Amino acid sequence: MQLTNRSKQVSNKQMTLAERAYLPAIATGLAITIKHFFAKKVTIQYPEVKRYLGPVFRGRHILKRDAEGRERCTACGLCAVACPAEAISMVASERQKGEENLYREEKYAAVYEVNMLRCIFCGLCEEACPKQAVYLRHDEFVPVFTERDQVIWGKDLLVEDMNNRYTREAWTKEEAHVLDAKRANGEATNVVPRAIP
Amino acid sequence: MNSVVSFFYFLSFLTILSAVMVVVSRNPIHSVLYLILTFFTLSGHYILLNAQFLAAVNIIVYAGAIMVLFLFVIMFLNMKQDQEESKTNLTKIAATIVGGTVFVILFGAYRKTAIEPFNPQTYDSQIGMIESLGHMLFREYLLPFELASILLLVAMVGAVLLGKREIGERHF
Amino acid sequence: MLTNQEVAEGLLEKFGDQVFGFEEPYGLLTLSTTREDILPLMEFLKDHKTWQVIFLTDLTGVQYPDNKGQEFVVVYHLHSFVHNFRIRIKVALSEADLHIPTATGLFASANWMERETYDFFGILFDGHPNLRRILNIEEMDYFPMRKEYPMEDATREDKIDALFGR
Amino acid sequence: MADIELLPHNVPSQSELPELVEELTTLNLGPTHPATHGIFQNVLKMDGEKIVSGEQTIGYIHRAFEKIAERRPFYQITTLTDRMNYCSSPINNMGWHMTVEKLLGIEVPKRAQYIRVLMMELARITDHIICNSILGVDTGAFTGFLYVMQKREEVYEIYEEVCGARLTTNMGRVGGMERDLSSTAIRKIKEFIKSFPPVLRELEKLLNRNRIFMDRTINVGPISQERALSYGFTGPNLRAAGIDYDVRVMNPYSSYEDFDFEVPIGQNGDTFDRYMVRNEEMWQSLKIVEQAINNLPEGPYYADAPEFYLPPKQEVYKNMEALIYHFKIVMGEIDAPAGEVYHAVEGGNGELGFYLISDGGRAPYRLHFRRPSFIYYQAYPEMCKGSSLSDAILTMSSMNVIAGELDA
Amino acid sequence: MKEVKIVGAPDGHSGAGFFATSLDQAIGLARSYSLWPLPFATSCCGIEFMATMGAHYDISRFGSERPSFSPRQADLLMVMGTIAKKMAPVVKQVYLQMAEPRWVMAVGACASSGGIFDTYSVLQGIDRIIPVDVYVPGCPPRPEQIIDGLMQIQYLAQNESLRRRNTDEYQELLTSYNIQ
Amino acid sequence: MDLTEFLVKTATIFAVFVATLVIAMYSTWAERKVAGFIQDRSGPNRAGWGGLLQPLADAGKMFFKEDFIPALANKWLFIAGPSLAMLTAMLASAVIPFGSTIRVAGHEVPLQGVESNIGILYVFGVVALGVYGIMVGGWASNNKFSLLGAIRAASQNISYEVAMGLSLIAILMMSSSLSLGEIVSQQHGMNWNIFYQPLGFIIFITCSFAECNRVPFDLPECETELVGGYHTEYGSMKLGFYLFAEYINMFISSAIISVLYFGGYNYPGMDFVYNQLVNALGTETGHNIATLIGTAVFFGKALFFVFFYMWVRWTIPRFRYDQLMNLGWKKLIPLAILNILITGAAVLFLKPVITAWLN
């Protein structure tokens, strides 16, 4: 049945004499494989060499603090709603007097838990957050677990450590876009090179 | 009793034992495996008789090819214990009589045969070797040899014809 | 090029008021028929000399629990490659009498799609050669895609519904 | 712990299968057999090494996509489509977005359409890479598989640059893309266009004209045009039978009418034809990628539809109106019209259709996926009947049945 | 290219001309570098396992590139992808067919907990039917994470007594899963 | 047989044994490394430097893995299978001439386990038995995949033995001897049989691929069809024996190929080297060192063929069963017979002419 004028017959089942004799094709194959035998290997020696995963990679979660060390999260619950895996749960709480240096907004998440085994790292929580609080780190994975009761991560593991802050080149897609344009013009130079050979 | 003789007795014991086991084993696969062992010990005897070529050919042809096919067929049939047909006493008695008769005939035949004693002066160490065997086959026994080969060829053609018969394409 | 108008007129001429509910949502000719006429209708479309609607693209069921007497709808999508023309046919069924003739005689592909529809909704396809569950385990005693049954697995341990307001 | 009841694993009993001569043996291929790739069971009745009849059991990874879709807002359904045909998830994602856009009546700007085409064609390449090289593995040639897998790795790097994940990309949004194509991504795509052909040619040299491979595949599992149509074949498998049906040509979407490409067809729908059609489709996809990247139009990468497309983050932080839209969209409270849409795209395996019924709520009222491999896999017993076990396995792998798509 | 970490000799008593180490440690070490996986790949994670086997990540560096599709020969059951309730008895069957010592790795969200598929047809984590040693999060996990999981299994293998499998705790664990 | 001779014989046989085992062991490592290198990856490199301890790790693991016998299997035969496979594989190395002679205190000790005048028949007989291990094991497992694998292995081995034997006859016609030692010494220097028997060589190497169950003839164990083939039900060291036997077979057949077609321990210019060494180091040491060089050359050739096996394995696809049989019966056997005819004609008519011309 001819439906378009773009069709093209691609399958040729007639064998030539050389193809019938097995050996030429096998010799070609052997030549290809021996060429690869002496070629440079592409393997990344993983635990020692780590690969740069790109600026937008979706790795482990982090709850950001602002420059003064206050938690950004205001427990609006958008991330929990946006989560297709229903992995995020939180309990909101009112900020008390004297806690202004701890929490940025009047409301904060007293409990913020992510079930790391339910999470599918789709990045919808990061996109849903209106307060620049939830991010998926581009430089770290969630480690493997050996017990099922380790997998629900509370704020102790999620909130950013002020001594070891998480930075990345661009926080939103627009920033990433702007930075990328700069880099293309040669203005920005802090490009982390890929670890692969 | 020197080492060769004791080895001979040991081999003979093993041969008879495994031959008996071929008959006695209930599992056909075991029977076949014992039969292979029998062939091995027979090859041992050939070597003792300085017929190395015969020993090797015995292993290649019988143990290596024919018994593999036996095993093959038995595996395909995949005999089960309960499917074994019942052996009536009549068949048992008949089998015993037939076997006994064969034994008596063989015994009678060999009893009359005079075996030449071993004489180191006239003994030709090359008698079982390939050269003498080849000379023997292709000079003195040329006609029987060729006849046997024709017989085998006919058998082979017949086997191929029988094997080729499939549904829808009958050859005869 | 086959137009919706042309096909609709042709069908009305042939089947009269057995075909009804003509619509054109997003340009796709949609019509309804009864379960007595679904097979003749599809056969007519398939054997039609010029239309040649020979391809069953999709077959599925939909449940409208509030639409009393017509709780279930079986939807057929057909396609004519030659004219690049698609048509959607619906048959409404009542929950009390969930039977519809099978299309496996016309299209071999209907086999599994009907099994899937049976598996999900419990719609019985009369004359189907092998109407068993296909995706779910045989021992399942309900039809999971019906609106009244829950989606979630009852045995999960690490989720609390109250936290999500769901 | 072990409180859930495990039901015995189902094997069709002797009585359910047709009456057979006693000599036939039953061979249970799967669900954990190495050649079934994904998971499905083939119960084959065999006469020696010849297959007399077959019966498939599927549903081993049935995940109830359609049920979940009824509980999720439109934008979360990409996480489901991702996992349907996981070898080419961007195609599924884009197909879903286009369906919703059709429902909402959004016109996507040209640049976004081109980026979508780029991603879809790269996805098609990865899909066919997997299928063809696995066919090689099933014939015993493992090495070619690893050569082309290196190239697939490069495509995954491109995805990573575009969306941040390798396989389950969650790419694109209703109304456009989630972010613009970065210069790194463009550079990588251009590198890929250069570096892919030599490797593909190597695979071709290893297999295509090797007599062992040709003997293994020619006239193995053929299907005629009539049977293929009756069984609902689409995509490469239908084209291998000689029917040049391609949704990209017949119903162009996302600016496919701008691109110049050919539709490869085979002769009699056997394994070799399927292999060759997929092989040629990789070249055609590469051609499309090349055209798209060279003619990438300037302009916005998302449609001007503030009530459906998330506003820029900077606006959300500052602007009240943007924040309200943001909340509405994330909560899924968009004003979708009621109606029903069928939209099809050319997936890795054929016509991937989305039949969406919306009642105006936050989630689809009913969403049905027309999954090509589910529909054509039922032809398998007919295709492998009378062939040997080895042929049956090659037929299966050349059909490229993806379990996620099969069972949904 | 950075120096590759090579396994060190196990702790032992070395002296002039002799080196003794406890059998436990030596065999643990041997086991950990010869973990033949049984890739029980049902869906997306299986595709990532292909990438792990591929040239870039190369699981063979750890001596585990020989996939044993026969459970008798496998040491490590890698469950990758969604396990539906229809599939669960098969997984358990495969686990029962494996010979000791055996380890189980649940790769990806679906195998570990059900992931997004909180539905009537999906098993909410394979640890309901078989004991799991290592859970790898991610949907699907990157090949790096799968290798992390493998290294964790190696660590378990090295630090496990030769006869742990006869201990009461282990028997209790199996009993809790109705495995004898 | 006096005691010294007995001890020397024992030592030689032991050395041959150990050499075979070590080479087979490291063949497993080499297989993984070669596969890795061909596929652009690095292969095992964690267990020891460059993964050199990998075979030990595998062996250690297998020894201490639970020994499992399926409930429905035939216990004795299940154990006998791998033992037979290992036994027959090990037997063949006895008659391979690894080098010429070593002179120790006036004695000439041949570097060969057993000097037999039917060496080649012996090898052939042992190879013919190799299939029993697979058949018995496959049948005893009581598993359909195993049985299919075993049956495939048996019919494949029997079929290819015929072509193999026929291709050998051409060599035997040229050398008019069945002794491997004799065949090697006839190929002195560069007078290798490959130059006279290219067709025979191709047939022989194809058949030896089939006898070793290697790609493209690995149907008895091909993963995608039969899971593990005949060893599906085997685990622990029993599986180890099967795998090990395969590598031993591979080494043995490589050694046989180099003995029959590539001159064994002969290499061009060996007379010159020999004379130089004898002149420099005396008849005893010089002779011994020359022999060892020859042995090294022999191992080089044999290992190259082991590499060739792996190289082919990772390059080409495998046959289907009927195609394999067609190739064996309909192509290789007629070709081998043709080769015999050509060789016979050449030996009868061409050789006298050439000899006359040379003289």
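Note that the structure is a prediction, hence the values are computed from the model and not measured. A note on names: the letters A, B, ... follow the listed sequences, proteins ahead of strands, and every chain is numbered from 1.
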Would [X] and [Y] pass as an ion pair if we require N to O under 4.0 Å?
{"X": "A:Glu19", "Y": "D:Arg211", "result": "no"}
{"X": "A:Arg58", "Y": "D:Glu160", "result": "no"}
{"X": "A:Glu86", "Y": "D:Arg72", "result": "yes"}
{"X": "A:Glu127", "Y": "D:Lys313", "result": "no"}

Would you call [X] and [Y] a side-chain contact if the rule is heavy atoms closer than 4.5 Å?
{"X": "D:Tyr245", "Y": "A:Thr4", "answer": "no"}
{"X": "D:Met250", "Y": "A:Leu3", "answer": "yes"}
{"X": "D:Tyr317", "Y": "A:Pro130", "answer": "no"}
{"X": "D:Glu161", "Y": "A:Val56", "answer": "no"}
{"X": "A:Val10", "Y": "D:Val277", "answer": "yes"}
{"X": "D:Asp215", "Y": "A:Tyr22", "answer": "yes"}
{"X": "A:Arg6", "Y": "D:Asp244", "answer": "no"}

What part of [X] lies closer than 4.5 angstrom to a heavy atom of chain A: side chain, backbone, both or neither?
{"X": "D:Val316", "result": "side chain"}
{"X": "D:Ile68", "result": "neither"}
{"X": "D:Glu262", "result": "both"}
{"X": "D:Ser182", "result": "both"}
{"X": "D:Met331", "result": "both"}
{"X": "D:Phe261", "result": "both"}
{"X": "D:Thr169", "result": "backbone"}
{"X": "D:Glu315", "result": "neither"}
{"X": "D:Arg239", "result": "neither"}

Point to revise | Selection from A:Lys35, A:Met15, A:His36, A:Arg20 maximising heavy-atom pairs under 4.5 Å formed with chain D | key: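 Ranked by heavy-atom pairs under 4.5 Å with chain D, first place is A:His36.
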**Study point:** Between A:Thr33, A:Asn5, A:Asn12, the one whose heavy-atom pairs under 4.5 Å with chain D are most numerous
**Key:** A:Asn12
To the nearest 0.5 Å, what is the distance between [atom1] on [X] and [atom2] on [Y]?
{"X": "A:Ile32", "Y": "D:Thr143", "atom1": "CD1", "atom2": "OG1", "answer": "10.5 Å"}
{"X": "D:Tyr75", "Y": "A:Leu124", "atom1": "OH", "atom2": "CG", "answer": "6.5 Å"}
{"X": "D:Trp283", "Y": "A:Lys8", "atom1": "CH2", "atom2": "NZ", "answer": "10.5 Å"}

Study note, to complete from the structure: In short, D:Leu206 meets A:Gly29 closest at the heavy-atom pair CD2-CA, 3.7 Å
Practice item. Search all heavy atoms of A:Phe57 against all heavy atoms of D:Gly164 and return the closest pair with its distance. Key: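 Closest pair (atom of A:Phe57, atom of D:Gly164, distance): CD1-O, 3.3 Å.
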Practice item. Take A:Phe121 and D:Asn170 through the test side-chain contact (heavy atoms from CB on, under 4.5 Å) and record every step on the way to the result. Key: CA-CA 10 Å; A:Phe121 303 90; D:Asn170 193 11; over 6 Å; no
**Study point:** Exceeds 12 heavy-atom contacts within 6.0 angstrom, atom CE of A:Met162
**Key:** yes
Practice item. Answer yes or no: are there more than 12 heavy-atom neighbours, outside D:Lys67 itself, under 6.0 Å from its atom NZ? Key: yes
Exercise for review: Output, in order, the C-alpha distance, side-chain angles, deciding distance and verdict of side-chain contact (heavy atoms from CB on, under 4.5 Å) for A:Gln9 and D:Glu280.
Suggested key: CA-CA 10 Å; A:Gln9 177 60 250; D:Glu280 180 62 28; over 6 Å; no
Review point. Can you name the one residue among D:Asp273, D:Ile265, D:Ile218 that meets side chain to side chain contact (heavy atoms under 4.5 Å, CB included) with A:Ser11?
Key: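 When side chain to side chain contact (heavy atoms under 4.5 Å, CB included) is applied between A:Ser11 and each of D:Asp273, D:Ile265, D:Ile218, only D:Asp273 qualifies.
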**Study point:** Which atoms of A:Cys79 approach chain D - backbone, side chain, both or neither, heavy atom under 4.5 Å
**Key:** neither
Point to revise | Per-residue contact mode, A:Thr28 against chain D (heavy atom under 4.5 angstrom) | key: side chain
Exercise for review: Spell out, as yes or no, whether a donor-acceptor pair under 3.5 Å connects the side chain of D:Asn210 to the backbone of A:Ala25.
Suggested key: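 A pair under 3.5 Å: no.
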Exercise for review: For the pair D:Gln76 (side chain) and A:Val81 (backbone), establish whether a donor and an acceptor sit closer than 3.5 Å, ignoring hydrogens and angles.
Suggested key: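 Flag set: sc D:Gln76 to bb A:Val81 pair under 3.5 Å.
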Please identify, among [options], the residue contributing the most non-hydrogen atom pairs under 4.5 Å to chain A.
{"options": "D:His326, D:Met276, D:Lys205", "result": "D:His326"}
{"options": "D:Cys163, D:Pro73, D:Gly332", "result": "D:Cys163"}
{"options": "D:Glu202, D:Arg166, D:Arg71", "result": "D:Glu202"}

Practice item. Could you walk me through whether A:Lys13 and D:Asn268 pass side-chain contact (heavy atoms from CB on, under 4.5 Å), step by step? Key: CA-CA 11 Å; A:Lys13 292 175 188 173; D:Asn268 63 346; 2.6 Å; yes
